[in-house]
Amino acid sequence: MNLDLLRERAKIVQAIRRFFDEREFVEVETAVRIPAPAPEEHIDCPPVVGGGYLRASPELQMKKLLAAGMDKIYQIGPCFREGERGSRHNPEFTMIEWYRRGANYLDIKRDLESLLEGLVVADCRSGRAEGENILLRVRNAYLRYAGWDPWEGDWDQDRFDFDMATKIEPAIKELGGGVFLMDYPPQAASLAKLTTALPTTNNPRPTTYAERWEFYWDGMELANCFTELCDRDEQKLRFEKAKEARKLLKEADYPIDSEFIDCLPKIENAAGVALGVDRLVMVLTKMKEISAVRAQI
């Protein structure tokens, strides 16, 4: 265990808090043990003896705070996922999430860019890649690197996921530096708002996409952002479809958090992001193993 790395991690976390405090975000703390996680394929939460689950994300609870009247909030804390272990994965990990009412995914993109710039200037031993972050749209990425258009024909989740892992993400790593992968197919929307782009010369038909981006730094995925879906009926339908998909995969059947569903109209509009703190520290300190930046005690 490298104590110098743990001290470096502490400075980075302090700088993150300072960034949000200076911008008048309110730091919040929500439950780690929750009654119902969001039902998403391939994300499994550890069950707790006596009922409930350890959270994979504080997202649902933080959105309830938005519905209750809070405007700008952030949280740094532990999250958990079963079956995830490797150089970039740990069953317990640290996440920062922040949310803003009245914002969209482009506003949160600017937040993240400002945060990263501030971290590098403040204390970090390795600077970010030279030049501006690259903005790569999902449709263009698949056409360029996988040779097909996810918006054309019948949706193929397995093909989309396989090509993301074997073609798109390796290409992003080759690009180097910061890359925003933006505007996902509607079927990959999760909890994101959908929007429809007007026809253009290059794309003569209207295209519906999810206002979602993921951010990569030197090929490592660091953050996942949505313009939040605040439509109660649509979110319930998506959760029900996700539950069916989990059932087919013989994964745990999570109950739907009806309190979360019912609070969505009160939010009206918002955006938020989840950023992996451990991975961010790995990038900033040039570590290759997540275990190196966590206290193994």
Query raised in the report: Salt bridge between Lys243 and Asp253, side-chain N to carboxylate O under 4.0 Å?
Result: yes
Query raised in the report: Among side-chain atoms of Asn133 and Trp217, is any donor-acceptor pair under 3.5 angstrom?
Result: no
Query - Salt bridge flag under 4.0 Å for residues Arg7 and Asp4 - result: yes
Requested in this report: Check whether any side-chain heavy atom of Met282 lies under 4.5 Å from a side-chain heavy atom of Ile290, and answer yes or no.
Outcome: yes
Query raised in the report: Would you say Leu284 and Val273 are hydrophobically clustered, going by side-chain heavy atoms of ILVMFWY under 4.5 Å?
Result: yes
**Report entry** Minimum-distance pair of heavy atoms, taken over all atoms of Pro58 and Cys79
**Finding:** CD-SG, 3.9 Å
**Report entry** N-O pairing of Lys193 and Asp231 below 4.0 Å
**Finding:** no
Could you pull out every donor-acceptor pair under 3.5 Å between side chains of residues 45-56 and any protein atom, sequence neighbours left out?
{"unit_1": "Arg55", "atom_1": "NE", "unit_2": "Pro78", "atom_2": "O", "d": "2.9"}
{"unit_1": "Arg55", "atom_1": "NH1", "unit_2": "Thr30", "atom_2": "O", "d": "3.3"}
{"unit_1": "Arg55", "atom_1": "NH1", "unit_2": "Thr30", "atom_2": "OG1", "d": "3.4"}
{"unit_1": "Arg55", "atom_1": "NH1", "unit_2": "Ala31", "atom_2": "O", "d": "3.4"}
{"unit_1": "Arg55", "atom_1": "NH1", "unit_2": "Gln75", "atom_2": "OE1", "d": "3.1"}
{"unit_1": "Arg55", "atom_1": "NH2", "unit_2": "Pro78", "atom_2": "O", "d": "3.1"}

**Report entry** Test item: Arg88 and Asp278 side chains (from C-beta on) under 4.5 Å apart, heavy atoms
**Finding:** no
Query raised in the report: What residues join Phe93 in its hydrophobic cluster, counting side-chain heavy atom gaps under 4.5 Å, either direct or through other members?
Result: Met95
Query raised in the report: Is there a path from Ile96 to Val26 through hydrophobic residues (I, L, V, M, F, W, Y) whose side chains come within less than 4.5 Å of each other?
Result: no
Query - Carboxylate-amine/guanidinium proximity below 4.0 Å for Asp71 and Arg100 - result: no
Query raised in the report: Are Met62 and Val32 connected in a single hydrophobic cluster, I mean Ile/Leu/Val/Met/Phe/Trp/Tyr linked by side-chain heavy atoms less than 4.5 Å apart?
Result: no
Report summary line: Taken in chain and number order and not counting sequence neighbours, the residues that satisfy side-chain hydrogen bond (donor to acceptor under 3.5 Å, both in side chains) with Tyr216 are Glu169, Glu214
Query raised in the report: Between the side chain of Asp44 and the main-chain N/O of Glu82, is any donor-acceptor distance below 3.5 Å?
Result: no
Query raised in the report: Does atom CD of Gln187 have more than 12 heavy-atom neighbours from other groups under 6.0 Å away?
Result: yes
Query raised in the report: Looking at Ala192 and Glu211, what are the two nearest heavy atoms and their distance?
Result: CB-O, 4.0 Å
Report task. For Gln61 and Asp257, run side-chain contact (heavy atoms from CB on, under 4.5 Å): C-alpha distance rounded to whole Å, both residues' side-chain angles, the deciding distance at 0.1 Å, then the answer. Result -> CA-CA 10 Å; Gln61 285 65 42; Asp257 187 336; 4.2 Å; yes
**Report entry** Sub-4.5 Å side-chain heavy-atom contact between Phe19 and Ser114
**Finding:** yes
Query raised in the report: Among Phe20, Trp98, Tyr99, which residue meets the ring pair (Phe, Tyr, Trp, His ring centres under 6.0 Å) test with Tyr74?
Result: Phe20
Report task. Indicate the atoms forming the closest heavy-atom contact of Leu60 with Ala38, along with that distance. Result -> CD1-N, 3.8 Å
Query raised in the report: What's the shortest heavy-atom distance between Ala188 and Phe160, and which atoms?
Result: CB-CE2, 4.4 Å
Query - Pro186 vs Trp151 side-chain heavy atoms within contact, under 4.5 Å - result: yes
Query raised in the report: Is Asp111 salt-bridged to Arg23, cutoff N-O under 4.0 Å?
Result: no
Query raised in the report: Do Arg110 and Asp107 meet the salt-bridge criterion of a basic N to acidic O distance under 4.0 Å?
Result: yes
Report task. Indicate yes or no: does Arg139 engage Asp149 in a salt bridge with an N to O separation below 4.0 Å. Result -> yes
Query raised in the report: Does a side-chain heavy-atom distance below 4.5 Å link Met287 with Val281?
Result: no
Query raised in the report: Under a 4.0 Å N-O cut-off, is there an ion pair linking Lys63 with Glu228?
Result: yes
Requested in this report: Would you please name every residue forming a side-chain contact (heavy atoms from CB on, under 4.5 Å) with Ser190, sequence neighbours left out?
Outcome: Glu40, Phe226
Requested in this report: Walk me through it: do Thr94 and Arg9 pass the test side chain to side chain donor-acceptor pair (under 3.5 Å)?
Outcome: CA-CA 11 Å; Thr94 302; Arg9 176 193 176 104; 3.1 Å; yes
Query raised in the report: Is there a donor-acceptor contact under 3.5 Å from the side chain of Trp213 to the main chain of Arg137?
Result: no
Query raised in the report: Is the shortest heavy-atom distance from the side chain of Leu222 to the side chain of Leu275 under 4.5 Å?
Result: yes
Query raised in the report: Tell me, do Met182 and Leu106 make a side-chain contact under 4.5 Å, heavy atoms counted?
Result: yes
Report summary line: Looking only at heavy atoms, the pair that brings Ala197 and Tyr209 closest together is CB-CE2, 3.8 Å
Report summary line: Taking every heavy atom of Gly176 against every heavy atom of Ile134, the minimum-distance pair comes out as O-CD1, 4.4 Å
Query - Stacked cation flag Lys167 on Tyr145, 6.0 angstrom / 45 deg - result: no
Requested in this report: Give the C-alpha distance, both sets of side-chain angles, the deciding distance and a yes or no for side chain to side chain donor-acceptor pair (under 3.5 Å) between Arg212 and Asn224.
Outcome: CA-CA 7 Å; Arg212 172 187 179 188; Asn224 187 18; 3.1 Å; yes
Query raised in the report: Do Arg17 and Glu27 meet the salt-bridge criterion of a basic N to acidic O distance under 4.0 Å?
Result: yes
**Report entry** Nearest-0.5 Å distance, NZ of residue Lys64 to CD1 of residue Ile267
**Finding:** 10.5 Å
Query raised in the report: Out of curiosity, does Leu5 fall in the hydrophobic cluster containing Met220 (side-chain heavy atoms, cut-off under 4.5 Å, transitive links)?
Result: yes
Report summary line: Residues at least two apart in sequence or cross-chain that pass salt bridge (Lys or Arg N to Asp or Glu O under 4.0 Å) with Glu268, listed by chain then number, are none
Report summary line: Sorted by chain and number, sequence neighbours left out, side-chain contact (heavy atoms from CB on, under 4.5 Å) with Ala252 holds for Arg246, Tyr254
Query raised in the report: Transitively linked via ILVMFWY side-chain contacts under 4.5 Å: Leu136 with Ile108?
Result: yes
Requested in this report: Apply side-chain contact (heavy atoms from CB on, under 4.5 Å) to the pair His89 and Arg279, showing each step before the final yes or no.
Outcome: CA-CA 9 Å; His89 298 85; Arg279 289 188 179 186; 3.1 Å; yes
